[in-house]
Amino acid sequence: MQIAIIGLGYVGLPLSLQFARSGVSVVGLDIDPTKVEALNAGRSYIKHIAPESIQEQVSAGRFTASSDFSLIREVEAVIICVPTPHNKNREPDISYIVDTGRAIAPHLARGTLVVLESTSYPGTTDTDLRAVLEADSGLKAGTDFHLAFSPEREDPGNPASDVKKIPKLVGGLTPACTAAAVALYRHALDTVVPVADARTAEATKLLENIFRGVNIALVNELKQVYAAMGIDIWHVIEAAKSKPFGFMPFYPGPGIGGHCIPVDPFYLTWKAREFGHSTRFIELAGEINEGMPAYVVRRLGDVLNTQGKPFRGSRIIVVGLAYKPEVDDIRETPSFHLMNLLKAQGSVVDYFDPYVPVIPPTRENAAWAGTRSVAWSREDFARADAVIIATAHRGPDYPVLLDWCPCVIDTRNVIRQLQPDLPPARAARLWFA
Ligand SMILES: NC(=O)c1ccc[n+]([C@@H]2O[C@H](COP(=O)([O-])OP(=O)(O)OC[C@H]3O[C@@H](n4cnc5c(N)ncnc54)[C@H](O)[C@@H]3O)[C@@H](O)[C@H]2O)c1
């Protein structure tokens, strides 16, 4: 079997390799020539994807990367994994999907299956994508070619997460489209779950992300309320976890990041307006989560105040720039919000992240491009008035920060996890936010 996977990022690359490992011949298509070149040379540009796993499939001839969309003519199925960000007004930007549809359509052969994996609002597959595919190919979806949606459930950076084992939802335009998509994914994945249609699959993906966003907001709110009452949220969550039913732990933090949770729920908010509905849970959760960096900075200000220090001129190091542990992905990371807020207060801000040695150019945080991570050393950290642990990658001995710096704000509770019995001298320098 020959397939094409379009968009070789955090989702498309691991999926391509999984299909290739399963004996399917995969052509990966991307408009970024540097990615195409890197992959064909067996290089990885994603930290948690080993170059060897790419080299193995490239040299076996099961995976090649290309920018030539005419190769679509030769394949039986096309899977689309392109970005779905917000535009500058925080509305859905499905232009990448539409552009990809336009690039596919002239080469679409009768009988081909097209599957969209990019997260979007219900109706994207059977309305927006369908329209461009049909207009530019002269073929009819559901009759001349199959069309389906299958949401990605990638958990980057989690070593226990295996693409092959994560159940895959598929919903087609017609029952035949669903059946074609089920047959496709069964080549590479252990469990494929057919659902009623493409809209159901799209809506399910949004439910999963909204569920996370809302529950994280809940613990973020409780963290603030309990802190004011002198109650430790981390102890409360640990205790609640002893309940064997009806409770699932979520953990507070300095805000939410990544391509999914801060973005996807608002795709539904936007679409809901068309139907005269508002999505109050989503909006409230967004408001609370977005307010977390400011809360952390306020807490730091209180601590600095007790030490007789103003923000202005203080040196602060934010530990962890990536939005979650064990990844190098800085999209939507709350660490940038922390850094921007601190800078606005007049602090001199540095960061530490072993996976982001230098900040690459980004659209929203262009001013930080080229800034380098400080070293994990007493020398670099001793210059800081305070440290905020925003993301705790595995590896560093975080409790040692309490010897190096007068004030450590731990938003992830990582220090106590590594050293539950802190000696009083260390404990006196630790705060939570
Ligand atoms: N990253 C995750 O953990 C995750 C999890 C679940 C769902 N998703 C969803 O999957 C989709 C892809 O996310 P990602 O994290 O892989 O994005 P990404 O930015 O890592 O990768 C997208 C790739 O698409 C390429 N691309 C852009 N426009 C293109 C076009 N017109 N033709 C060909 N290639 C094009 C880019 O060059 C890039 O390599 C998004 O909708 C996202 O919401 C991501």
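Note that the structure is predicted; figures quoted are calculated from it, not measured. First listed ligand is number 1; within each ligand, the first listed atom is number 1.
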* Asked: Salt bridge check: are Glu202 and Arg199 linked by an N-O gap of less than 4.0 Å?
  ->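 No.
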* **Salt bridge flag under 4.0 Å for residues Glu238 and Lys241** => yes
May I ask you to identify the nearest protein heavy atom to [atom], giving residue, atom name and distance to one decimal place in Å?
atom                    : answer
atom 34 (N) of ligand 1 : Ile31 N, 3.5 Å
atom 1 (N) of ligand 1  : Tyr10 CB, 3.5 Å
atom 19 (O) of ligand 1 : Arg331 NH1, 3.4 Å
atom 13 (O) of ligand 1 : His259 CD2, 3.6 Å
atom 11 (C) of ligand 1 : Val82 O, 3.4 Å
atom 3 (O) of ligand 1  : Pro156 CG, 3.3 Å
atom 21 (O) of ligand 1 : Gly9 CA, 3.2 Å
atom 24 (O) of ligand 1 : Gly7 CA, 3.3 Å

* Asked: With ring centroids as reference points, do Tyr226 and Phe432 lie under 6.0 angstrom apart?
  -> no
* Around atom CZ of Arg372, are there more than 12 heavy atoms of other residues, nucleotides or ligands at under 6.0 Å? -> no
For ligand 1, is any non-hydrogen atom under 4.0 Å from [X]'s backbone (N, CA, C, O), its side chain (CB onward), both, or neither?
X      : result
Cys260 : side chain
Lys205 : side chain
Lys324 : neither
Thr119 : both
Tyr45  : neither

So, do [X] and [Y] sit near enough that their side-chain heavy atoms are less than 4.5 Å apart?
X      : Y      : result
Lys47  : Pro156 : no
Ile389 : Val408 : yes
Val170 : Tyr185 : yes

* **Candidate pair Val296 and Leu300, rule side-chain contact (heavy atoms from CB on, under 4.5 Å), full reasoning** => CA-CA 6 Å; Val296 173; Leu300 170 61; 5.7 Å; no
* Asked: Which word best sums up how the rings of Tyr355 and His393 line up, parallel for under 30°, tilted for 30 to 60°, or perpendicular for over 60°?
  -> perpendicular
* Asked: Quick one: which of Asp155, Asp329, Asp353 gives a salt bridge (Lys or Arg N to Asp or Glu O under 4.0 Å) with Lys324?
  -> Asp155
Nearest candidate to [atom], where distance is taken over non-hydrogen atoms, out of [options]:
atom                    : options                    : answer
atom 36 (C) of ligand 1 : Ile6, Leu13, Asp30, Val11  : Asp30
atom 27 (C) of ligand 1 : Pro14, Cys81, Pro83        : Pro83
atom 40 (C) of ligand 1 : Thr84, Leu15, Thr34, Ile80 : Thr84

* Step-by-step side-chain contact (heavy atoms from CB on, under 4.5 Å) determination, Tyr251 to Ile237 -> CA-CA 8 Å; Tyr251 298 98; Ile237 296 169; 3.6 Å; yes
* Polar contact flag for Lys35 and ligand 1 (N/O pairs, less than 3.5 Å) ->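 Yes, at least one N or O pair falls under 3.5 Å.
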* Asked: Within the structure, does Thr100 bring an N/O atom to less than 3.5 angstrom of an N/O atom in ligand 1?
  -> yes
Pull out every atom of ligand 1 sitting under 4.0 Å from any heavy atom of [X], numbered as shown with elements.
X     : answer
Phe69 : 32 (N), 33 (C)
Tyr96 : 27 (C), 28 (N)
Asp32 : 37 (O)

* Value rounded to 0.5 Å, distance of CD1 in Ile94 from CG in Asn87 -> 11.5 Å
